[in-house]
Amino acid sequence: MTDFKPKSEFLVTLKERGFIHQCSDFEGLDALAAKGKAIAYVGYDCTASSLHIGNYISIMMLYWLQQSGNKPITLMGGGTTRIGDPSGKDETRALRSIEEIDANKAAIRTVFSKILTFGDGASDAVMIDNADWLTKVNWIDMLRDVGRHFSVNRMLSMDSVRLRLEREQEMSFIEFNYMIAQSYDYVELARRAGCNLQMGGSDQWGNIIMGVDLGRRMGTHQLYALTTPLLTTASGAKMGKTAQGAVWLNAEQFSPYDFWQYWRNTEDADVGKFLKLFTVLPMTEIRRLEALQGSEINEAKKALANAATELLHGKAAAEAAAETARTTFEEGGAAAGLPTVEIDGAELARGLGVLAVFVKAGLVPSNGEARRQIQAGGLRVNDAVVGDPTAVLKPADAINSGAIKLSFGKKKHVLLRPV
């Protein structure tokens, strides 16, 4: 890929911003995209009520595809979620009810419309659900028409299967069939929507290539595969994990302020990479920002936080988050825009142990961790260091506009508000 010099706006953009890991045919895809004829999809299973930061990179790939005059498809996994993707898992995913899958599907749909433009135009995005065909297929027909094209030997060599078996972890028959369902999705999208490109993370390369091969065997037009690198931070940690858990894209699960703070806390060595992947800032501005050194790198981190948050949550939310951070950190105040956790006022009147309070606020995962942080001087109540792990909070502690300000370190704050 390093020697390939694309001509299409789509692949030029993806290459200079660091999106490309593998492609089945660079020249063929480049020629297609240059004509505005690339119709690409990414599949999203409905395993939770929100997508997370790990999904964001593929949404950005769809964004740049659309910006270059090509057509994106967001495929909702209303059918494949009933099976469960075994990739990267040692245990079978819990099977979800149809009602839960439908509720999750409805909740995550809203994210796409913030990034992509949907409609009936040539490059407008469309949303399709694979339940439309997977729930209607006849099992015997699937075995005869689709299953016969799959080699069990090859399926056993796929990472999602091989690694599980090497670790002597059981794999159910339903999981083993996931790659067949995903490959068949590609064929159906090719037939129904003219789709010719599937994109995803590098861990999906094998499954995507099997879809390309299935299309060839079942007589579709030429299909292509394109993957992006799986991201880790400069320190080697998996991207998208915090002390509070996953970085969700829905505001209800992860507030715009927390989202802003996540990017503001980026490691110095990652700023340039994340500016390219998760913002739409011009490359000239990104090069200026990533060249900053010393304390000036904070300017780049704020620009990253502002641009990434504005793209997902809107300009007003990004500006509010930035102002909350400024008030909290530069003025030492308890800004109203901080994440808020509500507690029972009667419960507070009886007294709440400080360890349990920090766990309830999501700042630490356990009482034991809260105790360790207190010993290290890392927890504060109303900006005062907590020195006693047996301390109890009372209504009198609600001094910040009727709330108690809890802090873990210098950058994580929550308002505990009695109701």
### Query
Tell me the ring-ring contact (aromatic ring centres under 6.0 Å, His included) pairs involving residues 100-123, sequence neighbours left out?
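Every ring-ring contact (aromatic ring centres under 6.0 Å, His included) pair that includes a residue of residues 100-123, provided the two are not neighbours, is Tyr44-Phe112.
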
### Message
Enumerate the ring-ring contact (aromatic ring centres under 6.0 Å, His included) contacts for residues 297-316, please, sequence neighbours excluded, ordered by first and then second residue.
### Response
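For residues 297-316, and leaving out neighbouring residues, the ring-ring contact (aromatic ring centres under 6.0 Å, His included) pairs sorted by first residue read Phe259-His313.
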
Sequence neighbours excluded, which residues qualify as side chain to side chain donor-acceptor pair (under 3.5 Å) partners of [X]?
| X | answer |
| --- | --- |
| Glu16 | none |
| Ser8 | Asp30 |
| Arg162 | Asp159, Glu166 |

Listing, residues 119-127 side-chain donor-acceptor contacts under 3.5 Å, not counting sequence neighbours, or none:
| from | atom 1 | to | atom 2 | distance (Å) |
| --- | --- | --- | --- | --- |
| Asp124 | OD2 | Asp120 | N | 3.3 |
| Asp124 | OD2 | Gly121 | N | 2.8 |

### salt bridge (charged side-chain N to carboxylate O under 4.0 Å, His left out): pairs with one or both residues in residues 208-231, sequence neighbours excluded
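Output for this query lists Arg154-Asp213, Asp213-Arg216, Asp213-Arg217.
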
#### Entry: All pairs passing salt bridge (charged side-chain N to carboxylate O under 4.0 Å, His left out) where residues 352-370 contributes a residue, at least two apart
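Output for this query lists Glu369-Arg372.
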
### Message
Tell me every residue that passes ring pair (Phe, Tyr, Trp, His ring centres under 6.0 Å) with Phe274, counting only those two or more places apart in sequence or in another chain.
### Response
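By the ring pair (Phe, Tyr, Trp, His ring centres under 6.0 Å) rule, Phe274 matches Trp263, Phe278.
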
### With Ser68 via side-chain contact (heavy atoms from CB on, under 4.5 Å) - residues at least two apart
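Testing Ser68 for side-chain contact (heavy atoms from CB on, under 4.5 Å), a comparison that skips the adjacent residues, returns Glu9, Phe10, Asn70.
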
### Task
Name all pairs fulfilling the side chain to side chain donor-acceptor pair (under 3.5 Å) condition that reach into residues 126-138, sequence neighbours left out, sorted by first residue then second.
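Sorted pair list: Thr80-Asn130, Lys105-Asp129, Asn130-Asp185, Trp133-Asp185.
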
### Task
Return yes if some donor-acceptor pair links the side-chain N/O of Asn367 with the main-chain N/O of Val359 below 3.5 Å, else return no.
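No: the side chain of Asn367 does not pair with the backbone of Val359.
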
### Task
Please name all residues satisfying salt bridge (charged side-chain N to carboxylate O under 4.0 Å, His left out) with Glu100, sequence neighbours left out, ordered by chain then number.
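Glu100: salt bridge (charged side-chain N to carboxylate O under 4.0 Å, His left out) contacts with Arg96.
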
